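As the structure is a computational prediction, the values presented were derived from the model and not from experiment. What's counted below: heavy atoms across the whole structure, side chains too, no hydrogens, waters or symmetry copies. Sequence lines set the chain letters: A, B, ... in the order given, protein chains first and strands last, and positions in each chain run from 1.
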Protein chains: 2
Amino acid sequence: MVSSSGAEIRKVTIHDVARFAGVSRQTVSRALNGKDEIEGSTKQRVLDAARELGYRPSRFARGLVRQDTTTIGLVIPDLLNPFFTEVAASALEAARTRGWHVVVYDTADRAAEELGTLQVIGSQVDAVVGYFSCSEDELDRYTRGMPMVLIGSEHRTARFSSIRIDGEAGVHAAVAHLIAQGHTRIGMLDHAGRAEPSLRRAWFLTAAAAHGIDAGLVAGADQSADGGGAGLRALLAAHPDVTAVFTFNDIIAIGALREARRMGRSVPRELAVIGFDGLALGALVEPPLTSVALDTHRLGALAIDQVGRLLTGADPLDADELVVHAELRPGGSA
Amino acid sequence: MVSSSGAEIRKVTIHDVARFAGVSRQTVSRALNGKDEIEGSTKQRVLDAARELGYRPSRFARGLVRQDTTTIGLVIPDLLNPFFTEVAASALEAARTRGWHVVVYDTADRAAEELGTLQVIGSQVDAVVGYFSCSEDELDRYTRGMPMVLIGSEHRTARFSSIRIDGEAGVHAAVAHLIAQGHTRIGMLDHAGRAEPSLRRAWFLTAAAAHGIDAGLVAGADQSADGGGAGLRALLAAHPDVTAVFTFNDIIAIGALREARRMGRSVPRELAVIGFDGLALGALVEPPLTSVALDTHRLGALAIDQVGRLLTGADPLDADELVVHAELRPGGSA
DNA sequence: TCAACATCCGTGAACGTTCACGGGAGCGCT
DNA sequence: AGCGCTCCCGTGAACGTTCACGGATGTTGA
């Protein structure tokens with residue numbers, strides 16, 4: 001696994017440049033870093049020497065002596081999922097304003113990759129932000145005392161802080177909206193795959209119960225458009241009288257939208273659809289997606305903000321500040 | 001900009017752990033890295049001490065002595081653009097299989113951010129892959145001898161290597177397809193903003209000329225769905241007899257699709273639309289987008305492959321191998 | 001009893017850079 | 001002459017870790 005196959009690339013150091021230019025290390029350092037206390041001609045000579053030899057400073061040596069660069073790791077289950085992309089983009093932006101570097105890891109939603117990432121990440125970054133599906137014990141074992149901010153998953157121990165997504169009111173509003181439109185048979189497409197049912201499902205169930213309607217109309221769906229289509233077919237096969245669906249996220253909703261069109265059911269007249277996430281993508285489909293939207297921009301920025309506080313030792317935000325609320329955003333699909 | 005505001009976080013080193021556990025540095029190193037030549041009880045004692053003190057090894061010191069970690073920088077104009085997301089995702093995947101780390105920079109499509117990234121990137125990564133809009137002179141000045149792979153933009157000097165996107169045959173096929181459908185007034189929505197016209201536009205023009213149709217029906221559009229909509233309106237206002245459009249990319253095409261629907265023109269019967277990129281997103285809209293598709297997965301993988309060759313000194317791929325061809329992929333929009 | 005060996009642990013050195021300090025040359029001023 | 005100052009430049013030290021080597025102790029075998 002060691003990287004040296006072709007021409008044995010010998011690293012050229014500041015020493016070599018110094019010798020080549022006939023000066024000392026320190027003078028080279030001065031020339032390269034634009035410090036003063038150096039004469040113009042000498043500086044130029046050193047710069048020429050550096051270019052001649054193809055010198056590039058070692059980030060390790062530099063980082064060792066000046067402790068000013070911070071790098072954070074961003075762990076994402078699937079960058080192709082627009083929701084995570086939006087979160088990642090906002091996190092990158094927030095990090096950029098602080099002058100931080102962000103190493104991105106895509107775990108491809110596989111537990112094995114997640115573990116592998118955890119093992120390797122500890123010795124590469126100063127702090128971690130992201131989504132994790134493994135247990136907090138495992139998480140802790142691999143990240144020993146590193147500042148960590150979890151997104152979406154509620155933490156149980158004080159070891160971590162996490163950004164909570166509060167969609168309870170938003171989902172309640174969504175169900176209320178559907179009922180106001182006259183719907184009484186409202187189904188849900190939850191995600192499939194995870195062991196335990198989702199929080200969003202729980203919110204949906206309590207909202208349905210609060211309005212006195214049947215809350216048992218739930219089917220599973222993969223987190224993809226195709227999964228949403230298949231889920232809708234299964235749901236309607238089991239419960240043909242369903243006239244409205246709430247979905248785990250917008251990707252599933254968009255798949256359901258497409259499937260409804262293929263089945264010849266017009267949206268929202270013959271089938272109302274409400275998603276969750278509020279992706280920008282929702283505005284591109286027809287009809288525009290109604291969604292319980294959350295501010296992904298704030299989500300990423302909040303995560304970076306908190307990790308920064310943990311990093312500098314400043315007083316961290318506490319749980320009730322680390323919340324992103326979701327609210328119903330009307331489109332045309334419900 | 002120095003990061004120490006709250007509790008003066010003093011770094012705990014391997015020395016502190018050694019003293020606390022009553023052993024030497026080397027023994028601590030052995031325990032932490034799972035080497036042998038250490039007794040079980042001693043190892044446990046060291047591990048406990050490390051946890052007690054909250055010790056975490058310095059990645060700089062470690063990287064300085066063992067030269068086995070490579071980090072590459074990935075520079076992307078806009079992560080929210082699905083095309084770049086797909087490229088980034090495939091690059092991340094390719095890097096992961098090699099055990100490399102990827103630092104991602106989103107330049108937000110602004111020249112200032114690009115320059116800022118270039119300045120800071122040189123001392124942080126071993127090689128760079130990505131999109132750049134600045135001149136090769138500037139590029140070279142900030143990245144002095146660092147292996148670089150440019151995507152999309154053709155390089156002129158031997159200093160860089162770049163992945164070329166060859167869409168000539170694909171665009172030709174697209175125009176031929178439209179003409180076979182009976183279209184004679186075919187417009188194009190090129191991107192706006194850049195100084196010089198795009199290669200895709202040149203391909204379109206030659207293809208149109210080859211078929212003997214008017215090639216002057218071009219309007220500009222921002223690289224967004226809204227931009228595509230506005231572009232389509234402008235194009236149709238100037239040339240009301242246009243019955244088909246080829247667009248700079250799929251995002252613009254999807255915006256045009258939406259705008260056509262809003263104007264009451266059915267697609268593809270009253271207006272045919274062909275995009276460029278072949279995004280997965282194209283399958284989600286109605287009708288599914290016909291597009292001159294390129295293999296984004298191969299694009300990212302190829303870039304990482306080449307940067308790896310440059311890094312190890314292995315013989316790099318030459319220009320005619322660094323090409324991704326685009327071909328017409330039928331959807332339902334043309 | 002002594003050599004030979006295995007097991008465990010510690011000591012200098014090195015990685016490549018920047019920081020703190022010191023020193024020489026040149027100049028002006030008293 | 002002597003002092004002080006500015007302008008350049010160089011030398012030890014430090015950052016925190018791992019590598020190469022050597023030493024100490026216990027165990028085995030003849």
Side-chain angles (χ1 to χ4, degrees), chain A residues 2-4 9-47 49-50 53-71 122-126 144-145, chain B residues 2-4 9-47 49-50 53-71 122-126 144-145:
Chain A
V2 183
S3 60
S4 72
I9 293 186
R10 204 185 59 252
K11 189 75 179 153
V12 38
T13 78
I14 203 174
H15 248 108
D16 303 320
V17 179
R19 196 166 16 192
F20 191 86
V23 295
S24 73
R25 313 188 303 269
Q26 183 60 16
T27 302
V28 176
S29 177
R30 276 192 267 257
L32 263 48
N33 296 341
K35 299 280 185 70
D36 47 1
E37 298 201 355
I38 186 173
E39 201 195 359
S41 66
T42 315
K43 180 172 180 177
Q44 191 55 50
R45 188 154 42 95
V46 170
L47 257 37
L53 299 178
Y55 167 75
R56 289 197 310 118
S58 154
R59 69 167 176 284
F60 297 117
R62 176 171 289 181
L64 191 55
V65 57
R66 16 189 310 198
Q67 330 260 54
D68 54 354
T69 62
T70 64
T71 302
S123 55
Q124 284 295 329
V125 300
D126 302 312
R144 275 291 111 95
Chain B
V2 182
S3 59
S4 70
I9 292 185
R10 206 185 55 253
K11 189 78 179 154
V12 38
T13 78
I14 203 174
H15 248 109
D16 303 321
V17 179
R19 196 166 16 192
F20 191 86
V23 293
S24 72
R25 313 188 303 268
Q26 183 60 14
T27 302
V28 176
S29 177
R30 277 191 267 257
L32 262 48
N33 295 341
K35 299 279 184 71
D36 47 2
E37 300 202 352
I38 186 173
E39 202 195 1
S41 66
T42 314
K43 180 173 179 175
Q44 191 56 49
R45 187 155 43 93
V46 170
L47 258 38
L53 299 179
Y55 167 75
R56 290 194 314 116
S58 154
R59 70 169 176 284
F60 296 117
R62 175 171 291 180
L64 192 55
V65 57
R66 17 191 309 199
Q67 329 259 52
D68 55 354
T69 63
T70 65
T71 303
S123 55
Q124 284 296 328
V125 300
D126 301 311
R144 280 286 110 101

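- Within the 3.5 Å criterion, the main-chain N or O of B/K35 finds no donor-acceptor partner in the side chain of B/R30.
- Of all the heavy atoms in A/S58 and B/L64, the pair that sits closest is OG-CD1, 4.0 Å.
- For the pair B/R19 CZ and D/dG16 P, the interatomic distance rounds to 12 Å; values are reported in whole Å.
- When all heavy atoms of A/D16 and A/V12 are compared, the closest pair comes out as OD2-CA, 3.4 Å.
- The 5' end of DNA chain C is approached more closely, in terms of each residue's nearest nucleotide, by B/G40 than by the other of B/A61 and B/G40.
- Between A/D36 atom CG and D/dC9 atom P there is a gap of 12 Å when expressed in whole angstrom units.
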Between the protein and nucleotides 19-22 of chain C, which nitrogen or oxygen pairs come in under 3.5 angstrom?
| unit_1 | atom_1 | unit_2 | atom_2 | d |
| --- | --- | --- | --- | --- |
| C/dC19 | OP2 | A/K35 | NZ | 3.0 |
| C/dC19 | N4 | A/Q26 | OE1 | 3.0 |

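- With a 4.5 Å cut-off on side-chain heavy atoms, A/L47 and A/L32 count as touching.
- Atom NZ in A/K11 sits about 8 Å away from atom P in C/dG16, given to the nearest Å.
- Note: CG (B/L64) to P (C/dT18) measures 12 Å, nearest angstrom.
- Contact between A/V28 and A/A18 at its shortest, heavy atoms only, is CG2-CA, 3.6 Å.
- The side chain of B/T42 places an N or O atom within less than 4.0 Å of a non-bridging phosphate oxygen (OP1 or OP2) of C/dC9.
- For the pair A/E39 CD and D/dT6 P, the interatomic distance rounds to 18 Å; values are reported in whole Å.
- Atoms CZ (B/R45) and P (C/dC8) sit 14 Å apart, rounded to a whole Å.
- In this entry the distance linking CD of B/Q124 with C1' of C/dT17 reads 14 Å, nearest Å.
- Contact annotation: A/T27 does not reach the phosphate of D/dC9 (side-chain N/O to OP1 or OP2, under 4.0 Å).
- Checking A/K43 against B/F60, the closest nucleotide of DNA chain D that is more toward the 5' end is the one next to A/K43.
- Listed here is the closest heavy atom pair of B/T69 and B/D126: O-OD2, 3.8 Å.
- To the nearest angstrom, C1' of D/dT17 lies 15 Å from CZ of B/R56.
- Within the 4.5 Å cutoff, side-chain heavy atoms of B/N33 are placed close to those of B/R62.
- Within the structure, a side-chain polar atom (N or O) of A/S24 is placed less than 4.0 Å from OP1 or OP2 of D/dG10.
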